[in-house]
Amino acid sequence: MTRFHVQLAALAAVVGLVLAPFALSPFSITLMNYIGIYSLVAIGLALLTGVGGIVSFGQAAFVGVAAYATAWVSALNGYSPWLGLVFGVALTCGVAAILGVVTLRLQGHFLSLSTVAWGLAIGFLFGNVEGLGRFNGISSIPPISFGSFALVSSSQIYFLIWGIVAAVLFLGYNLLDSRLGRAMRALRGGNTLVESLGINAFRIKLVTFVIAAALASLSGWLYAHMSRFISPGPFDAGMGIEYLMMSMVGGAGSLLGGVVGAAVVTLLKNSVQDYLPLIAKGASGQLEIVAFSALFILFLQWARQGIVPFVARYLPKVRRERPQPAPPLPRRAQPAPGELLLKVEGAERRFGGLVAVNNVSFEVRAGEILAVIGPNGAGKSTMFNCLTGALRVNKGEIVFAGRPITRDAQSRIAKAGIARTFQHVKLRPRMSLLENVMLGTYARTGTGLFAGAFRLNQHEEASTRHEALMQLERVGLGDKPFELAGNLPLGNQRILEIARALAADPTLLVLDEPAAGLRRQEKLRLAELLQALRADNLTILIVEHDMEFVMSLVDRIVVLDFGSKLCEGAPAAIRSDERVQEAYLGGVA
Amino acid sequence: MTSDIAAILAIDGIATGAVYALVAIGTVLIFTVTRVIFIPFGDIAAFTALTLAALDAKRFPGTGALVVILACLATLIEIISLMRNGELRLLPRALLFYLVLPFAVVGAAWLTMRMDPPLAVRLVLALMLITPIAPLLDRIVFRPIADGTVLLLLTVSVALHFALVGLGLLFFGPEGVRTEPLTSFSTEFAGVLISGQTMLIVIAALVFSGFLYLFFDFTLVGKSLRATAVNRTGSRLMGIRPARAGTIAYLLGSLMAGVSGILIAPVNTVFYDSGFLIGLKAFVGAIVGGMTSYPGAAIGAVGVGILESFASFESSALKDVIVFSLLIPVLIWRSLASLHSEEEIEE
């Protein structure tokens, strides 16, 4: 299957949607309209929950904010529904931005619980505010009109709804395939990974959150002007979980899954309403929600992946072409060999009473490979975390390329030119090798939200692709750029992380125990690669446990023991140093 | 607001808060042992009140049918899972726990009811009928995904709550109930009238918190529950069965939710869907305690009760808005206070 086939399928779907109203009964068209309206919320959730990993139970509240906003503007104050659209979207995004700023720093389930909280609070608000009709709701909402042509019947508003859904899908897929979209897809890898790539994780989360809310607000606007009447019911907590269900059934993480999920859930609900009375007379209303929740629970137990990813496994893979040569991305000015690059001065880090790093000082000069070694518990990892900004030192100073970075956030340190790898490999297993490496270029590129969604910056994208391919080739992984990163053996995953770090065009590469868990052959390959990088004048700092690996490779070694610097020098001198032998072997008899 | 009114509101709030506290402690208990945020505890509390009301009215409560259905389902699932694992020799034991015991409870309740028992016996019956529900739900719903992420379990738990609300309407009908007060005793303290019911609620909350403290710190079963909470795999290696620990936790938790339901029924009218708000407010309290501390959860829940009481005096329409909005600052405080390692989300 090529890209052309995909476009053909999309075209067929669009033609089918355009022709559908001429073939379907009015009831089916109404059903389709609901599916379209719910799809928008589910697509937003696919981005937020599936891609970004932020489970929100509160999207129904955003739908409600926009629906009430447009109803207030058009039905209660007599202005145009278009003004309602502007006001509704702006208000919803504003509310979402405020909630996002307040809550998005929360971790894991705390964040999801907060969505329950504000979802409920906003939901209760609709039914209790005097000006919004309390539980009676707002009626006689005008239809949307283009000039004098009003979208009154369901087959008229159908085209508007599905036009918006199609546009949202198109823009959404573009966005996911752009610089910002890749950053969103990296969010699930955890903050440390995202920040180490020079990405401000909080900002990306906030953008994703507001996009999802904006989609919900579009849905609310359409809902209000389609049903022409609103009450608090459709925006309560129950509906919030139904939206979540739609996106999960369709396949969290897949935008198309949002549409499929909305369709499946809506149709299922409809048929449950049709058939339940046959099984249990008079109790269908109650049984409906029971049957529905039970189905959802079964789904979560047995088919968490969702429909679209399940089907996609049986479709032929889309064949993609190797990136073509493109103008290179701008490069950083590299320091002259021998120049002082990094200076750690009296670094100290305490955890309660334990001093993990105690008054450690060393320097790294441009063009050399320096290793920080030491036995278990020597403070290597803590020192590493302080260098990369994952931890702050309690005392001392770290200066990089003439600029103090002691108090900088991880993403700022990454932007300044320090690229890192992880001891426990942090890759995005469901992204291709190429995309993983493209993540590394984030700080060197500048495509924003709109440029990405509308594909306005294809030159930069082509350069990014080419740069990523070149880095893959540089480390020797250039033969299968579209393989998924999760399919690589550990040794190659480590090397892929190095390629990702190189794509950031760093002046200093810091490697956290790169040899840990590798087989002998893999270690040799890694050492060869690092030597080749040094030949390219790259400065490398290795924190390592494996003496043998380090000895033959590096220029200088700093030995830590119990948090303090034991000694520093060339490998041969370190090897014969009695203090080092004592630290590693527990004393010479 | 005069100091008299403030005092009345405070006492009212403490009583409501004590009810939430019982549910909150149950929520913390389940969370620490199974990592499930069991939203439906509020429903269990409401169902207990409805069960007691049915018993008072000399009707056999719908709880019986619910337990029978759940027991059959759980047995079926247990048999299938035993067959899959080739462990059919464990079948008699499974039948005993998942089929015979729940049926015996329902049968005993049914027989006792015909003898027109006094209030004390009816209370025991209501608690007996309600306690099997949560452990059975655990077997049916949560056991198959016990190793899932907290978020997955939370999503399932929210869905389960909606299923229970539907079942509640089916088995108990739409009418609200208010049961007879358990005591007519009342006393005056510093010029404010305190009803015996209020005192009973507070005493029950204190007794149960104390009981749990003793249970966890001084019994082997309690310690094994704590061990399961800290590390499932590790405790399994030590010979603790997480599934069993979970069942015990659910039994204890539903007992506490049941007691809170009995206590609240004479004070507030309880409907089939009242449980959601009880559960969520208890849950707000539990979060104040960081989902791990029992005294913290109890204090938090009482705080929520007092807040709700004062909020409803200021604006009865917006009291729920106020209570849930307040959860957000609490969550932020908790999230900052708890240093936890980064959990990578399941792919």
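Worth saying up front: this structure is predicted, and the values here are computed from it rather than measured. In what follows, chains carry the letters A, B, and so on, assigned in the order in which the sequence lines appear, proteins first and then strands, with residues in each chain numbered from 1.
Contacts of A:L125 with chain B are made by both backbone and side-chain atoms, with heavy-atom separations under 4.5 Å. Heavy-atom distances place no part of B:L326 under 4.5 Å from chain A, backbone and side chain included. Residue contact with chain B, scored on non-hydrogen atoms closer than 4.5 Å, involves the side chain of A:F57 exclusively. With a threshold of 4.5 angstrom between heavy atoms, A:M245 does not approach chain B through any atom at all. Of the atoms belonging to B:L280, it is side-chain heavy atoms, and not backbone ones, that fall under 4.5 Å from chain A. Contacts of A:L99 with chain B are made by side-chain atoms alone, with heavy-atom separations under 4.5 Å and no backbone atom involved. Using a 4.5 Å cut-off between heavy atoms, A:L111 does not touch chain B at all.
The side-chain heavy atoms of A:V290 and B:F162, taken from C-beta on, include no pair separated by under 4.5 Å. The shortest distance between side-chain heavy atoms of B:L160 and A:S293 does not fall below 4.5 Å. Looking only at side-chain heavy atoms (C-beta outward), B:F324 and A:F124 come within less than 4.5 Å of each other. Contact check for B:L152 versus A:L300: side-chain heavy atoms found under the 4.5 Å cut-off.
Between the CD1 atom of B:I77 and the CD atom of A:Q301 there is a distance of 7.0 Å, given to the nearest 0.5 Å. The CD1 atom of B:I287 sits 5.0 Å away from atom CG of A:L113, with the distance rounded to the nearest 0.5 Å. The line from OG1 of B:T155 to CZ of A:F296 is 6.5 Å long, rounded to the nearest 0.5 Å. The line from CD1 of A:I297 to OG of B:S157 is 9.0 Å long, rounded to the nearest 0.5 Å.
The 12-atom threshold is exceeded at CZ of A:R313, counting heavy atoms of other residues, nucleotides or ligands nearer than 6.0 Å. Summarising the local packing, CZ of A:F310 is surrounded by 12 or fewer heavy atoms from other residues, nucleotides or ligands at distances under 6.0 Å.
Under the ring-ring contact (aromatic ring centres under 6.0 Å, His included) criterion, A:Y243 pairs with A:Y38, sequence neighbours left out. Partners of B:F31 by ring-ring contact (aromatic ring centres under 6.0 Å, His included), not counting sequence neighbours, listed by chain and number: A:H109.
Between A:A121 and B:V321, the shortest heavy-atom contact is O-CG2, 3.6 Å.
Applying the salt bridge (charged side-chain N to carboxylate O under 4.0 Å, His left out) test to every pair with at least one member in residues 110-129 of chain A, sequence neighbours left out, gives no pairs at all.
For a heavy-atom cut-off of 4.5 Å, chain A lies close to B:F276, B:L277 in residues 269-277 of chain B.
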